[in-house]
Amino acid sequence: MSIIFIEESKTFHLYNDEISYIMNILPNGHIGQLYFGKKISPKKDYSWLLEMVPRSMASYVFENDRTLSLEHIKQEYGVYGSSDYRFPAVEILQENGSRISDFHYCSHRITPGKPELIGLPATYVEEEEEAETLTLILKDSVTGIELNLFYTLFSRRGIIARSARFSNEGPHPVHLLKAMSLCMDLPDSNYDWIQFSGAWSRERHPKMRHIEQGIQSIGSMRGNSSHEHNPFLILKRPSADEFQGEAIGFSLIYSGNFLAQAEVDTYDTTRVLMGIHPEWFDWKLDPNTFFQTPEAVMVYTDRGLNDLSQTFHRLYQKRLARGYWRDKARPILINNWEATYFDFTEKEILRLAETAAKSGIELFVLDDGWFGTRVSEHSGLGDWRPNADRLPYGIASLAKKIEQLGMKFGLWFEPEMVNKDSDLYRTHPDWLLSVPGRTQSHGRHQYVLDFSRGEVVDAIYRMMADILKCGHISYVKWDMNRSITECYSAALPADRQGEVFHRYILGVYRLYEQLNQTFPEILFESCASGGGRFDPGLLYYAPQGWTSDDTDAIERLKIQYGTSFCYPVSSMGAHVSASPNHQLGRSTPLATRADVACFGTSGYELDLNTLSSDELNSVHNHVTFMKTWRELLQFGTFYRLQSPFEGNTAAWMTVSDDRSQALVGWYRILNTVNPPYTRLKLYGLDPGRLYLVSIKDHFGQRELGRFFGDELMNAGIPTSDDNSGDAPKKERSDYDFQSRIYILQ
Ligand code: DGJ
């Protein structure tokens, strides 16, 4: 790994064994983008990549010179209005009304390791040798604003982390109206764009299209990163697939409003922008203050989408997630939400816990409804003390009783929200985000607290810490069940209202950080009505997240498959729930529900006391299976094999680091009569190693035989079905929605 500056050609070359990232200082002092892709040999000059060809109808920077038109130059952090007409990375409103800026290179620093981003989640290193950082220092001489562009090159894999910091060293305040984390011009537009989009209970479905001249974008203006679009984007060559070909992934480590955009211009170059959504963003930058953008991570591969995903998985598992739980296999939990919803007593909770403990489950999570007057969606949010009618002996006492059963205890919170029917609201009606004199829109009968205010965050921290400090709470589920409306803070002046969305997220991060610091061994799971804030920002504080409120196993195949393009299995909360499923009404076999949920941080979310003894036996077996295999399931190298979006079957697998073990999940959606012969080719195995392959399905577990890794990867495992049209004679009724786990040892 190396970052070099070649003085003669004013070129920066960042490279490791995988990638090269090359920039230079343009004749006008701006930064040009020369190359990002597979590693190329270090050399003195790559200026031929600039292509400064005189063109008609262009605007030029220098008088009597038709070479430098910013519109025609591939750049690093483009500005608008001084010969570039594409969407820019930055927009600064100045005292005289001008929005033109002109950032010139002043100097640079190359430092080992990676600096922290104060107040923001970011990737990190543990040893300085893991990365090297280039800081480009630019200045706009008219406003006096200094711009630092940070590039961290990781020593292994094709990873570059980027962010920008604006420091006002001038005499006047300015308004930052746009400050993207990443801007990069690619030399052509031969890319397919893949976004991960959907809705509540239908999150992160991959959607692909070829990019064309014009703008394609995704984003969120809801205050949370959203169910609708994830802050992640892939540009891949049309010929690339899961196993080969070029692709670049762009991921934003942020949980609020975001924009990810690709603009293909008239010459078929592509400008990628990623960062805080500029709509509704207006940050007043006073003299002697700075603004730090969130971090964006770019990953390049020429080995296909699985390789791209595996790079993100490793990075986010090991160098974004932090703390006590980062590397630990996660406890198998039971959550009472779909078992009881709001309707429970301590006695019923303990009855459920007893059965869970007997099944080998390790953690009991008490969900919504344990606090204040919360017996429905209408009241209690904000009053974080136990409901004395339901829990007459308090939380610590319940937690101890659950510990006596041999399980840990976890608790649900929704820290950012308040019901109007709550003591918190009655005492502090001005703590809502709301515009004076206007309607306050509610969502699920609740309102959003103004987390841009320090005293609000502090008050919630005190209430939560009071509960958590009893010492018997091992896990917290942090929920967030509505997006922001009427984004206005009573505590900020008129000219700072454009800061509220971002300050809100900074408040969320501060509360998470304080709780992480005070309670380092508590496992946090993020949630926002399921996957409404399943983003890298929260992974920094909570190493796992509730992937979706849709717990139907077949829907989950799609959601977990889509989520896996960026996020590791260790981050995906996945539970076995009741059948018929509560969201969809679909009935699926218990084994299939378990076989999908085990590719996640697995748990249960149903009333175990309604199951038959056979079913409880299956639960026990699944829990035992999970305990045996969870390190591999959660931390192995994950491969997508067959897409549930493309056919009647889906498959994925995980391989241990030493390639001695692997687990394959195979799922068939609908039964078919007299089906064709099929085989599943495996990946990532040791070609010369002999694997003992067993199959676990509805008939139980049995050995299939011994096969070499290269047999399994090149010839594949036969997955053909045996239904030749006599299915009803087999005395089973669960032919649809079948699954198998192949165990390779
Ligand atoms: C939404 C979450 O996604 C559910 O799991 C549950 O915690 C409810 N909120 C509780 O209100």
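Start at 1 and go down the list; that is how both ligands and their atoms are numbered. Because only heavy atoms are used, hydrogens play no part in the values below, and waters and symmetry mates are left out as well, while side chains stay in. Bear in mind that the values here come from a model prediction, so they are computed numbers and not experimental data.
- Between the side chains of T518 and Y461, at least one donor-acceptor pair of N or O atoms lies under 3.5 Å.
- The salt bridge (Lys or Arg N to Asp or Glu O under 4.0 Å) pairs that include a residue from residues 592-609 are D595-K696, where partners are two or more places apart or lie in different chains.
- Here the side chains of I402 and L350 are in contact, with some heavy-atom distance below 4.5 Å.
- Here salt bridge (Lys or Arg N to Asp or Glu O under 4.0 Å) pairs that include residues 575-591, with residues two or more places apart or in two chains, are D552-R586.
- Annotation: side chain of S489 is not in contact with side chain of R503 (no heavy-atom distance under 4.5 Å).
- Protein residues having at least one heavy atom under 4.0 Å from any atom of ligand 1 are W337, D367, D368, W412, R444, K477, D479, N481, C527, S529, G530, W546, D549, listed by chain and number.
- The salt bridge (Lys or Arg N to Asp or Glu O under 4.0 Å) analysis of residues 555-569, with sequence neighbours excluded, yields no pairs.
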